[in-house]
Amino acid sequence: MSATTPPAVLAVAKLSPLYLAHLNAHCTLLDRLQESDPAALARLAPQVRAVAASGDSRVSADLINSLPALEIISVMGVGYDGVDLAAARARGIMVTHTPDVLNDDVADLALGLMLSAARQLPAADRYVRSGEWAAKGPMPLARKMSGARLGIVGMGRIGQAIAQRAAAFGMTIACTARSAKAERPYRYLPDAKSLAAESDFLVVITPGGAGTRKLIDADVLAALGPNGILVNVARGSVVDEAALIDALERGVIAGAGLDVFEDEPNVPERLRALPQVVLAPHIGSATSATRQAMADLAYANLRAHFAGEKPPTPVPECR
Ligand code: NAP
């Protein structure tokens, strides 16, 4: 930052060390989690000009309104459903995020979960390690992925990266979103249920928040059917988790690959007990290269703002 007095930045969650490295080098960092004295935070609140957050941080209206000098909220992550945008916009506060730099990784993971669930890779690994292969012979046959029908719920930046990869598997690709877009070369269906009815794999990659809450419900899962595999790399809130567990237990769908959950990091025991489910601890963007790119972009947004420039990646509502 070029200013002689480094701006005070409040870290509201456990942030990536890569983002913290930028903040420690260029800002006066106040860490809400590390600060044991709430009075000290209250004393410093009037100086805070920026909030640094991660994709799953909650930045509530109360928090925003407790920071009278707040100018910008810089989220390291593409999803910003934890930020009370209405409260930020009411005060003219800029909100930024880190889109695009993580498309490849999240799309790679989506394909990995599809393959893992279809070909039962975690179960196959256990089969070898446990000695069952030698004791029982070949594993039961799995599902073929190449050439199958893929439905993508949310055809944005990451959805399109998933579609590009799926095309290399010879999959037939269709999608749903908020609206059809002429420039997208994929068949469009008006809602998740009609898409599920024509899909072998249904991949969910919308934003979280109120607009998509429980978009994937018992009806959508019933439409996906007993050979269908659900993959969620979006947010846990987008899938009705109780309905999903029920559908898996009763064989309403065949299996699932899940990177996100309703109450992370708590994953229901009933879900963890199901062998046809592949589970990942919210690692969509979790590679060293991508987390570095996200940290650099999160900081670049702050640096630009404090230099009096337009941040490179404001959220659409702040453009
Ligand atoms: P994006 O470019 O904004 O795309 C979002 C897509 O979702 C758009 O196609 C949009 O429709 C669609 N959509 C929004 N609301 C919808 C609704 N109510 N019903 C159906 N479709 C809806 O976002 P992105 O960069 O691809 O990221 C998508 C999300 O992925 C993020 O918001 C985040 O929650 C999640 N994510 C997860 C991880 C992870 O670690 N697992 C990592 C990064 C991101 P339109 O095209 O009609 O606007």
Side-chain angles (χ1 to χ4, degrees), residues 16 53-58 75-83 85 95-114 151-165 173-196 199 202-217 220 230-240 256-262 264-265 267 278-287 289-291 293-295 297-298 313-319:
S16 158
S54 65
D56 46 15
S57 305
R58 206 169 111 69
V75 176
M76 180 178 149
V78 71
Y80 50 95
D81 38 296
V83 177
L85 265 190
V95 181
T96 62
H97 64 155
T98 61
D100 284 318
V101 292
L102 41 59
N103 295 352
D104 283 344
D105 273 356
V106 184
D108 289 353
L109 187 75
L111 269 288
L113 288 172
M114 289 163 64
I152 302 179
V153 182
M155 193 47 106
R157 292 170 292 248
I158 302 172
Q160 291 171 65
I162 293 169
Q164 284 163 7
R165 286 157 175 73
I173 300 158
C175 68
T176 190
R178 283 177 299 193
S179 62
K181 307 275 186 303
E183 68 275 15
R184 290 179 193 152
Y186 306 107
R187 182 161 168 249
Y188 182 85
L189 286 112
D191 53 60
K193 187 176 171 186
S194 52
L195 180 66
S199 300
L202 191 70
V203 175
V204 188
I205 186 63
T206 62
T212 54
R213 194 168 306 285
K214 298 194 195 287
L215 186 68
I216 308 302
D217 60 10
V220 175
L230 178 81
V231 167
N232 187 9
V233 284
R235 285 284 183 267
S237 61
V238 187
V239 173
D240 181 337
L258 306 171
D259 186 42
V260 287
F261 304 89
E262 265 182 14
E264 296 175 7
V267 177
V278 181
L279 303 168
H282 201 151
I283 53 169
S285 64
T287 67
T290 291
R291 286 288 166 85
M294 292 165 67
L297 184 51
T313 51
V315 303
E317 295 84 349
C318 292
R319 271 178 212 149

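First listed ligand is number 1; within each ligand, the first listed atom is number 1.
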Ligand 1 atoms nearer than 4.0 angstrom to some heavy atom of Met155 are 9 (O)
CG of Leu195 to CD1 of Ile216, rounded to nearest 0.5 Å, is 8.5 Å
So the atoms of ligand 1 within less than 4.0 Å of a heavy atom of Thr212 turn out to be 15 (N), 16 (C), 17 (C), 18 (N)
Gly156, any N or O under 3.5 Å of ligand 1 N or O: yes
Under 4.0 Å between heavy atoms, the region of Asp100 that gets near ligand 1 turns out to be neither
With heavy atoms and a 4.0 Å threshold, my read on which part of Arg235 contacts ligand 1 is side chain
- Item | Val83 side chain reached by His97 side chain, heavy atoms, under 4.5 Å | no
Checking heavy atoms under 4.0 Å, the part of Thr206 that sits near ligand 1 is both
Is any side-chain heavy atom of Val260 closer than 4.5 Å to one of Val204? no
Discussion item. Main chain of Leu189, side chain of Thr176: is a donor-acceptor contact present, judged purely on distance under 3.5 Å?
Written reply: yes
OG1 of Thr212 to CG of Asp81, rounded to nearest 0.5 Å, is 7.5 Å
the protein heavy atom lying closest to atom 47 (O) of ligand 1 turns out to be Lys181 NZ, 2.7 Å
In this structure, CG of Leu102 is separated from CG of Asp104 (nearest 0.5 Å) by 9.5 Å
Judging by distance only, is a nitrogen or oxygen of Val78 under 3.5 angstrom from one on ligand 1?
no
Checklist entry - For Gly154 and ligand 1, does the shortest N/O to N/O distance drop below 3.5 Å? => result no
Nearest non-hydrogen protein atom to atom 46 (O) of ligand 1, with distance, is Arg184 NH2, 2.7 Å
When Leu113, Leu279, Asn232, Val106 are each screened for side chain to side chain contact (heavy atoms under 4.5 Å, CB included) with Asp259, the one that passes is Leu113
When rounded to the nearest 0.5 Å, the distance separating CG of Leu111 from CD of Gln164 is 11.0 Å
Check: Do any N or O atoms from the side chain of Asp217 and from the backbone of Val220 form a donor-acceptor pair under 3.5 angstrom?
Finding: yes
One finds that the ligand 1 atoms under 4.0 Å from a non-hydrogen atom of Ser179 are 47 (O)
of all protein heavy atoms, closest to atom 27 (O) of ligand 1 is Ile158 CD1, 3.5 Å
message: With nothing but distance in play, are any N or O atoms of His282 less than 3.5 Å from an N or O of ligand 1?
response: yes
among protein heavy atoms, the one nearest atom 38 (C) of ligand 1 is Val233 O, 3.7 Å
**Item:** Distance-only N or O hit between ligand 1 and Gly159, under 3.5 Å
**Value:** no
The answer for which part of Ala234 has a heavy atom under 4.0 Å from ligand 1 is backbone
closest protein heavy atom to atom 5 (C) of ligand 1 is Pro207 CD, 3.6 Å
The protein heavy atom nearest to atom 23 (O) of ligand 1 is Arg157 NH2, 3.4 Å
Is it the case that ligand 1 has an N or O less than 3.5 angstrom from some N or O of Asn103? no
Distance col, row Ile205:CD1 vs Met155:CE, nearest 0.5 angstrom, shows 11.0 Å
for atom 10 (C) of ligand 1, nearest protein heavy atom and its distance come out as Arg178 NE, 4.0 Å
Query raised in the report: Gln160: heavy atom below 4.0 Å from ligand 1, yes or no?
Result: no
task = Evaluate the salt bridge (charged side-chain N to carboxylate O under 4.0 Å, His left out) criterion for residues Glu264 and Arg235: first the C-alpha distance (whole Å), next the side-chain angles of each, then the deciding distance (0.1 Å), finally the verdict.
result = CA-CA 10 Å; Glu264 296 175 7; Arg235 285 284 183 267; over 6 Å; no
Between the NE2 atom in His282 and the CG atom in Leu258, the distance rounded to the nearest 0.5 Å is 12.5 Å
Among non-hydrogen protein atoms, atom 42 (C) of ligand 1 lies closest to Val106 CG2, 3.4 Å
**Asked** Looking only at N/O atoms, are Gly211 and ligand 1 under 3.5 Å apart anywhere?
**Response** yes
Counting only N and O atoms by type, is there a donor-acceptor contact under 3.5 Å from the side chain of Glu262 to the main-chain atoms of Gly236? no
### Message
So Met294 and Ser285, do their side chains get closer than 4.5 Å, heavy atoms only?
### Response
yes
